[in-house]
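Heads up: the structure comes next, in structure tokens.
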Amino acid sequence: MSLEILKSLGVALAGDSGLPADEIPSILPEPPPPNIDADFTVNCFRLAQAFKRRPDQLAESAERTLASMPEVEKVGRVKAFVNVRMKPAELHRQCAKFAEGTLSQPFLPESRRMRILVEFSSPNTNKPLHLGHLRNNAIGSSVSSLLSKAGHKVTRTNLVNDRGIHICKSMLAYRLHGDGITPESAGIKGDHLVGDFYVKFDKELKAQIEELRASDPKLKNVENDELFARTSIGAAAQDMLRKWESGDKATVELWKKMNSWVLDGFSQTYARMGISFDKIYFESDTYLRGKETVEEGLRKGVFGRREDGAVFTDLEKSSLGKKILLRPDGTSVYITQDIGTTLLKQSEFSPDQQIWVVGDEQIHHFKTLFAIMKQLGHPWADRLVHLSYGMVNLPSGRMKSREGTVVDADDLFDELFSLAKNATLERFEGKEPPPDIDSRAETIAMGALKFMLLKFNPKTTVTFDPQASVKFEGDTGPYVQYACARISSILRKCEEKGVAYAPELANFAALSSREERELSVRAAIYQSALSLALEKLDTSVISSYLLDLAKSFSRFYREHSVLNADDPGLRNARMGLSILVRDILKDGLAILGINVPEAM
RNA sequence: GUCCCGGUAGCUCAGAGGAUUAGAGCAUCUGACUUCUAAUCAGAGGGUCGCAGGUUCGAAUCCUGCCCGGGACGCCA
């Protein structure tokens with residue numbers, strides 16, 4: 001797919017280059033720099049490789065070919081950039097056709113569509129979700145949507161980490177100090193209630209460690225981790241974990257109760273974010289998996305056994321060193337579980353590809369996991385992907401739950417909601433505020449938050465400044481939403497005046513201004529943005545694109561009136577263009593998980 | 001010690017396998033609401049692209065070395 005004119009160009013250039021018809025590279029338009037008088041640029045530096053020609057030669061051929069086309073008004077060339085200006089009617093017709101194609105059908109050819117399983121979020125059930133989880137959720141969810149839009153069959157999964165010593169910490173603190181309190185009796189969300197006990201445990205642990213140190217000067221240089229089991233509270237937590245693993249009734253009951261509180265809280269947070277999963281795995285169900293696979297690998301000689309009985313694998317060849325898979329006592333480690341769940345997901349859904357959205361501190365872990373899958377001879381092992389992302393820091397540094405510096409997800413939602421509501425109220429000063437103000441404010445707040453999380457490349461460690469990040473002006477989600485709301489408003493006004501859109505009346509030849517041309521071309525390159533985002537698995541490409549398109553629209557809006565256009569031909573052409581732009585903005589925002597209010 | 005990621009305007013970030021005069025938002029300053037919504041638009045100032053070499057007609061981009069920041073290299077998860 002591309003502009004018709006560029007498809008023809010591709011055919012001509014391929015003919016010159018002796019490429020077979022089914023290997024014609026698709027040529028996507030690029031916006032020209034502002035000082036060049038053209039609608040779009042054909043970048044032959046980028047195309048040179050695909051056409052197996054030298055950039056300058058390719059550009060010369062392209063220039064000649066384009067100059068001979070009737071739709072073309074003017075062609076210019078700077079080095080290997082061919083700048084094209086089309087006759088307005090053709091420009092708008094071809095751009096609209098191309099952009100509509102992108103909206104209405106998956107942009108990957110059927111032969112390249114796969115079944116893909118994405119795992120993201122994966123929270124621990126000992127504390128509520130925070131800003132870091134929100135970045136994970138936003139990335140995982142938007143990448144899943146992008147993959148679907150491309151034409152892949154996507155399964156969204158979440159592996160909830162609901163067992164282990166950290167869970168027992170909250171449980172123990174609850175048993176010691178809970179006094180029968182419940183989310184209902186306390187009037188707080190279950191995940192927050194449990195999180196509070198986690199913090200309590202940690203405080204008490206710290207105090208006990210201090211006591212220990214004070215009582216014995218030899219402990220001065222011993223790590224806190226090593227002192228854990230020597231505190232009464234630490235030992236009790238370990239004991240609780242053992243009891244849980246052996247199925248002790250009272251322990252399991254408490255665990256079930258507290259976990260259900262946390263999971264209830266999570267569902268509310270997910271629901272508010274508009275995130276859902278096709279399958280939720282619980283580590284309490286899966287944590288014993290992987291052992292059989294490791295033992296089988298041992299029998300087949302893929303893995304080795306150490307003198308003390310531990311099972312390990314040698315990944316020296318991949319320069320990953322040796323990795324323990326089973327401890328000397330036969331118990332499994334973190335990666336053993338991941339081996340198990342990877343195979344479980346593989347057998348349940350037979351995906352062609354699995355993607356994990358997990359923080360970049362686990363890059364090494366996933367390299368190891370993938371190398372082991374390859375050792376085990378799985379043909380899909382080459383396609384496993386760790387989509388890693390950087391931390392979200394505060395201006396003051398890292399967020400630390402133990403120090404109370406985490407930005408809580410629910411609190412942030414509430415804060416953004418009230419800011420959005422106040423901003424909306426300000427705009428209705430002296431007037432009756434709209435009845436749907438709460439839903440508007442919620443849409444705007446979530447739009448601002450998700451856009452903020454998704455406008456950066458996932459790999460970068462980002463700084464979240466609570467003061468600055470919470471704005472609704474500039475490069476933000478609300479800016480893009482606002483462009484949509486304005487278009488809706490234009491269309492409402494048109495309808496009120498009885499001049500609803502009539503495509504057959506549109507005179508696209510009349511759209512000759514710089515703003516109108518630019519807007520059409522931006523709309524047409526939507527697919528380029530999606531393709532690039534897919535290739536990089538980076539939805540920030542889409543955020544940037546949507547900002548550009550919204551900016552182009554805002555400029556157009558300032559310069560040209562739709563409703564008061566000189567004649568029906570021009571008005572309908574502008575309406576058609578505006579509708580297309582709104583549809584693209586909505587479509588792109590939907591990939592990012594952002595809704596659009598009808599009015600703002 | 002080894003490996004990975006980053007260092008671009010005061011701040012937060014874009015700059016796809018080299019390529020048209022390095023971009024955007026915020027912040028600062030100037031201008032635009034009797035008009036389809038000013039959550040907007042137009043404009044100004046602000047950069048030795050961490051440093052030093054190299055490859056190239058051409059480097060923020062590729063190569064080497066160094067400096068700075070973050071992370072990983074667990075029988076933690």
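Quick caveat, the model's predicted, so the values are computed rather than measured. So you know, we letter chains A, B, ... as the sequences are listed, proteins then strands, and number each from 1.
Base engagement by A:Ser489 is indicated by at least one non-hydrogen atom pair under 4.0 Å involving a base atom. Residue contacts shown for A:Tyr334 include a base, since a base heavy atom lies under 4.0 Å away. Across all strands shown, A:Asp338 has no heavy atoms under 4.0 Å from either base or sugar-phosphate atoms. Here A:Gln337 lies out of heavy-atom contact (under 4.0 Å) with every strand. Residue A:Leu547 is out of contact with every strand shown, counting any heavy-atom pair closer than 4.0 Å.
A donor and an acceptor atom, one from each side chain of A:Asp538 and A:Ser540, are located under 3.5 Å apart. A:Ser170 and A:Asn126 are not linked by any side-chain donor-acceptor pair at a separation below 3.5 angstrom, with hydrogens and angles left out of the test.
Dashed line: the shortest gap from a side-chain N or O of A:Lys536 to OP1 or OP2 of B:G15 is under 4.0 Å.
Nearest nucleotide to the A:Val462 side chain, out of B:A77, B:U20, B:C13: B:C13. Which of B:G25, B:G71, B:U20 sits closest to the side chain of A:Pro33 comes down to B:U20. Side-chain atoms of A:Phe81 lie closest to B:U20 of the nucleotides B:C13, B:U20, B:A77. If you check B:C76, B:A16, B:U40 against the side chain of A:Arg486, the one that comes closest is B:U40. Nearest to the side chain of A:Thr41, among B:C13, B:U20, B:C36, sits B:U20. Closest to the side chain of A:Arg398, from the set B:C41, B:G71, B:U37, is B:G71. You'll find that the side chain of A:Arg558 is closest to B:U40, out of B:C36, B:U40, B:C13.
Judged by the 6.0 Å distance and 45° axis criteria, A:Arg135 is not positioned over the aromatic ring of A:Tyr389. In this structure, A:Arg486 fails the cation-pi test against A:Phe553, since its NZ or CZ atom is not both closer than 6.0 Å to the six-membered ring centre and inside 45 degrees of the ring normal.
Look at the C1' atom in both B:U28 and B:G18: the space between them is 36 Å, to the nearest Å.
Checking B:C66 for Watson-Crick or G-U wobble geometry (two distances, each under 3.5 Å) identifies B:G50 as its partner.
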